[in-house]
Amino acid sequence: MKIHDTLTGADVNLDATGRIGVYICGLTVYDDAHVGHARASIVFDVMRRHLEQSGAAVTFVQNFTDVDDKILERAASTNVKAAALAEKYIARYGEDAEALNIRKPTHEPRATAHMPEIIEMIQRLIESDSAYVAENGVYFDVSSFTDYGKLSGKKTDELMAGARVKVDASKRSPLDFALWKLDDGELTWQSPWGQGRPGWHIECSAMSAKHFESEIDIHGGGRDLIFPHHENEIAQSESCHDHKLARVWMHVGMVTVDGQKMSKSLGNSKTVRTAISEWGANALRVFCLGARYAKPIDYSESAMSESVALWQQIETCYYELRRARVVPMHGTSRLYAKFTESLDDNCDTRGALDALLEMASRLNDAAATGGLSAAHGVACSAFATMLNVMGLRVRRTSGDNEDALDALADKRESLRAEKKYDEADAVRDKMKSIGADVLDHDGRTVWVIRER
RNA sequence: GGUGAGGUGGCAGAGCGGUUAUGCGUGGGCCUGCAAAGCCUAUCCAAGGGGGUUCGACUCCCUCCCUCACCUCCA
């Protein structure tokens, strides 16, 4: 699999048959996840599924940052304990991820559960003169790391000139960032430098080092993490270890609304929950996978209704195959090859989606004209695999209801053959009451459970 | 101001130095007892502006314009 590396700008080949370590920067948990968070999680979920489908043993780590200024602020303003607030939103993200069929990461480390590792890493940084103790806490000395800026393409003197960096009198340089903040409030720990809590960034360096002994194969997150988060992670980690932090850096483009980045501060964010209830989880996945991951995508009514239309074609195809009792069969398929080649090519989910849609369209065509048969076994098998790799999940009803619907569909077919249309219509109404849409072609009755 | 990513048909969105992307939408048709779904077919042959390289550029180079992101917390 070929992946574009943000740091070098080059395409890096990954052996998709070996072991692959992936570290994704997850959420800071002080509010519900929005569609932008969902996109990043979905893209990396598909990448993981594809790597595993290709034979790789993937260790997939996605962290939660559960100690942070925002969490403390939100907790204070809503009169709840910060730890409880973080816990609540971790749980709610878990529900969102489940609804979106995002596979559980191998590990979901939390910053608060890694205080010894964090403190130890800070200590090492101080010992190697990469960090220093100041009045308000411990800071990373950016001037000690000559490669600083290599990921984001920023030069330290330009950053200095920018003067938008917060000035803190106890820092040697405005560019230095906090590793440990002295504090005696909630969510604080004892450290050699006094009571306090970690700064943002250090938790990811400590947690990734814990889960990966050497270089991480793929380190990812949203584009907005490139600076300062990932830049600072590199500085910290590479000052501690003699290997690079990651072989490949992968950054997912922003989700915009009316061309503007979705963000909480702008007040234009759409929560995952809202999007799912308005459009359905599969349509949201289709939307998030409908462009190459590095590009921005614009969330809008029309984009989402198009995603729903695309999803419905896939949904219909699934039920056509099911009703025709096509038995999956191994074999080679041009569209399946296009699907895997697309994903191998820098995780081109759009290309993969196109292959899946073309497959659905061909099968729907066959269903509408000659009918599906055992001859479609190979396509049926490829279709199922593609659905699975894309993480799309057709809505089902209970097994009992499926049996009942099959029986009703059979009954309706014979009533129609006998031209007993009133009775056939009654059966259709019955099927609708169970939640199934009825599609007729040429004497055959197919039912579909629609997501929406 | 700096850095990065882009500007493709009504919309979304690819690839490619010379052949129709594709999908959605729209028009027409087919199937059907009805409805729904589906299918077929047509439509749209577009490439921010200006230069250049070339036999030939949407595809390469230069330049200008514009959009977005990051430079402050952010997936």
Side-chain angles (χ1 to χ4, degrees), chain A residues 6 9 24-28 30-31 33-44 62 65 68-70 73 149 151-155 157-166 175 200 220-229 231 251-256 259-266 269 287-288 290-292 294-298 300 302-303 305-310 312-313 315-317 319-320 342 345 348 350-351 353-355 357-358 360-370 416 419-422 424-425 428-429 432 437-443 445-448 450:
Chain A
T6 314
I24 305 302
C25 287
L27 304 184
T28 298
Y30 67 97
D31 205 346
H34 63 225
V35 175
H37 300 114
R39 182 190 191 192
S41 293
I42 288 168
V43 164
F44 288 116
Q62 182 168 18
T65 296
D68 170 88
D69 292 351
K70 293 244 175 196
E73 279 165 29
L151 177 69
S152 56
K154 299 196 183 307
K155 302 202 168 38
D157 49 342
E158 283 166 4
L159 284 168
M160 294 288 269
R164 293 177 71 180
V165 184
K166 266 183 220 155
L175 299 186
W200 186 42
R223 287 205 87 77
D224 51 359
L225 293 183
I226 292 174
F227 190 92
H229 187 58
E231 195 69 62
H251 293 281
V252 177
M254 298 294 99
V255 177
T256 59
Q260 289 270 291
K261 177 183 166 184
M262 187 177 287
S263 83
K264 285 166 189 164
S265 48
L266 286 173
S269 60
F287 169 71
C288 289
R292 295 196 81 127
K295 286 195 144 195
I297 50 175
D298 197 55
S300 67
S302 65
S305 46
E306 183 171 336
S307 298
V308 170
L310 297 179
Q312 289 189 343
Q313 291 174 15
E315 210 169 39
T316 299
C317 183
Y319 279 100
E320 290 279 8
S342 294
D345 175 16
D348 177 8
R350 177 70 218 190
L353 183 64
D354 283 345
L357 288 167
E358 193 177 339
S361 166
R362 279 166 183 277
L363 290 169
N364 287 341
D365 177 18
T369 52
R416 290 178 71 221
K419 298 197 188 303
K420 293 180 180 169
Y421 295 123
D422 286 350
D425 287 352
R428 179 167 61 199
D429 291 344
K432 287 209 163 166
D437 274 3
V438 176
L439 329 178
D440 289 337
H441 0 249
D442 241 0
T445 294
V446 178
W447 55 266
V448 178
R450 293 276 179 218

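In what follows, chains are A, B, ... by sequence order, proteins preceding strands, each numbered from 1.
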Query raised in the report: Touch check for A:Leu27, heavy atoms < 4.0 angstrom, all strands: base, sugar-phosphate only, or nothing?
Result: sugar-phosphate

Report summary line: Side-chain contact check for A:Arg416: nearest option of B:rG38, B:rC34, B:rG13 is B:rC34

Query raised in the report: How close or far is atom C1' of B:rG13 from atom CZ of A:Phe287, stated in whole angstroms?
Result: 13 Å

Report task. Using the closest heavy atom to pick a nucleotide of RNA chain B for each, name whichever of A:Asp440 or A:Ala360 lands nearer the 5' end. Result -> A:Asp440

Query raised in the report: Base, sugar-phosphate, or nothing: which does A:Lys419 touch, judged by heavy atoms less than 4.0 Å apart?
Result: nothing

**Report entry** Spacing between A:Asp429 atom CG and B:rC34 atom P, to the nearest angstrom
**Finding:** 17 Å

Report summary line: A:Asp224 meets the salt bridge (charged side-chain N to carboxylate O under 4.0 Å, His left out) criterion, sequence neighbours left out, with A:Lys261

Report task. Using the test side-chain contact (heavy atoms from CB on, under 4.5 Å), find all partners of A:Asp345 that sit at least two apart in sequence or belong to another chain. Result -> A:Lys2, A:Arg292

Pull out every protein N or O sitting under 3.5 Å from an N or O of nucleotides 21-26 of chain B, one pair per line with the distance.
from: B:rG23; atom 1: N2; to: A:Glu306; atom 2: OE2; distance (Å): 3.4
from: B:rC24; atom 1: OP1; to: A:Gln313; atom 2: NE2; distance (Å): 3.0

Report summary line: From the candidates B:rG13, B:rC73, B:rA75, the one with an atom nearest any side-chain atom of A:Leu225 is B:rA75

Report summary line: With sequence neighbours left out, the residues meeting side-chain contact (heavy atoms from CB on, under 4.5 Å) with A:Ala33 are A:Leu27, A:His37, A:Tyr93, A:Asp96, A:Val272

Report task. Tell me, with the steps shown, if A:Leu363 and A:Glu320 meet side-chain contact (heavy atoms from CB on, under 4.5 Å). Result -> CA-CA 8 Å; A:Leu363 290 169; A:Glu320 290 279 8; over 6 Å; no

Requested in this report: Can you sort out the partners of A:Ser263 under side chain to side chain donor-acceptor pair (under 3.5 Å), two or more places apart, ordered by chain and number?
Outcome: A:Ser265

Query raised in the report: Pick the nucleotide of RNA chain B nearest each of A:Ala367 and A:Arg223; which residue has the one closer to the 5' end?
Result: A:Arg223

Requested in this report: Would you kindly give the CG-to-C1' distance between A:Asp298 and B:rG13, to the nearest whole Å?
Outcome: 14 Å

Query raised in the report: Counting N and O atoms only, with roles assigned by atom type, does the side chain of A:Thr316 sit under 3.5 Å from a partner on the main chain of A:Gln312, one being a donor and the other an acceptor?
Result: yes

Query raised in the report: How does RNA chain B read in dot-bracket, base by base from 5' to 3', with Watson-Crick or G-U pairs under 3.5 Å and | used when the partner is on another strand?
Result: (((((((..(((.....[...)))((((((.......))))))....(((((..]....))))))))))))....

Report task. Using whole Å, report how far CD of A:Glu231 lies from P of B:rU72. Result -> 13 Å

Query raised in the report: Is there a donor N/O on one and an acceptor N/O on the other, under 3.5 Å, for the side chain of A:Asp425 and the base of B:rG33?
Result: yes

Query raised in the report: What distance, rounded to whole Å, do you find between the two P atoms, one in B:rU43 and one in B:rA21?
Result: 13 Å

Anything under 3.5 Å between a protein N or O and an N or O of nucleotides 66-68 of chain B, put it in a table, one pair a line.
none

Query raised in the report: Which residues pass the side-chain contact (heavy atoms from CB on, under 4.5 Å) test with A:Ala303, sequence neighbours left out?
Result: A:Phe287, A:Ser300

Query - Listed partners of A:Arg350 passing side-chain contact (heavy atoms from CB on, under 4.5 Å), at least two apart - result: A:Asp348, A:Leu353, A:Asp354

Query raised in the report: Any idea which of B:rG33, B:rA75, B:rA37 is nearest the A:Leu439 side chain?
Result: B:rA37

Query raised in the report: Rounding to the closest angstrom, what is the interatomic distance between B:rG49 and B:rG9 at atom P?
Result: 10 Å

Query raised in the report: When the C1' atoms of B:rG25 and B:rA12 are considered, how many whole Å apart are they?
Result: 10 Å

Report summary line: Sequence neighbours excluded, the answer for salt bridge (charged side-chain N to carboxylate O under 4.0 Å, His left out) partners of A:Glu73 is none

Query raised in the report: Any donor-acceptor pair under 3.5 Å joining the side chain of A:Lys70 to the base of B:rC73?
Result: yes

**Report entry** Under the salt bridge (charged side-chain N to carboxylate O under 4.0 Å, His left out) test, residues paired with A:Glu315 that sit two or more places apart
**Finding:** A:Arg450

Requested in this report: Taking only the side-chain heavy atoms of A:His34 (C-beta and beyond), determine which of B:rA75, B:rC73, B:rA35 contains the nearest atom.
Outcome: B:rA75

Query raised in the report: A:Ser152: what forms a side chain to side chain donor-acceptor pair (under 3.5 Å) with it, not counting sequence neighbours?
Result: A:Glu231

Query raised in the report: Within the distance-only criterion (no hydrogens, no angle test), does the side chain of A:Asp298 pair as donor or acceptor with the backbone N or O of A:Gly259 below 3.5 angstrom?
Result: yes

Query raised in the report: Which whole-number value in Å describes the distance from A:Trp447 CH2 to B:rA37 C1'?
Result: 15 Å

**Report entry** Interatomic distance where CG belongs to A:Asn364 and P belongs to B:rA36 [whole Å]
**Finding:** 18 Å

Query raised in the report: How would you label the contact of A:Tyr421 with the nucleic acid (heavy atoms, under 4.0 Å): base, sugar-phosphate, or nothing?
Result: base

Query raised in the report: Within this structure, what is the NZ-to-C1' distance between A:Lys295 and B:rA14, rounded to whole angstrom?
Result: 9 Å

Query raised in the report: Per the atom types in the model, does the base of B:rA35 pair as donor or acceptor with the side chain of A:Arg428 at under 3.5 Å?
Result: yes

Report task. Side-chain contact test, heavy atoms from C-beta onward, threshold under 4.5 Å: evaluate it for A:His34 versus A:Val255 and give yes or no. Result -> no

Report task. Quickly work out the A:Arg450 CZ to B:rA36 C1' distance and round it to whole Å. Result -> 9 Å

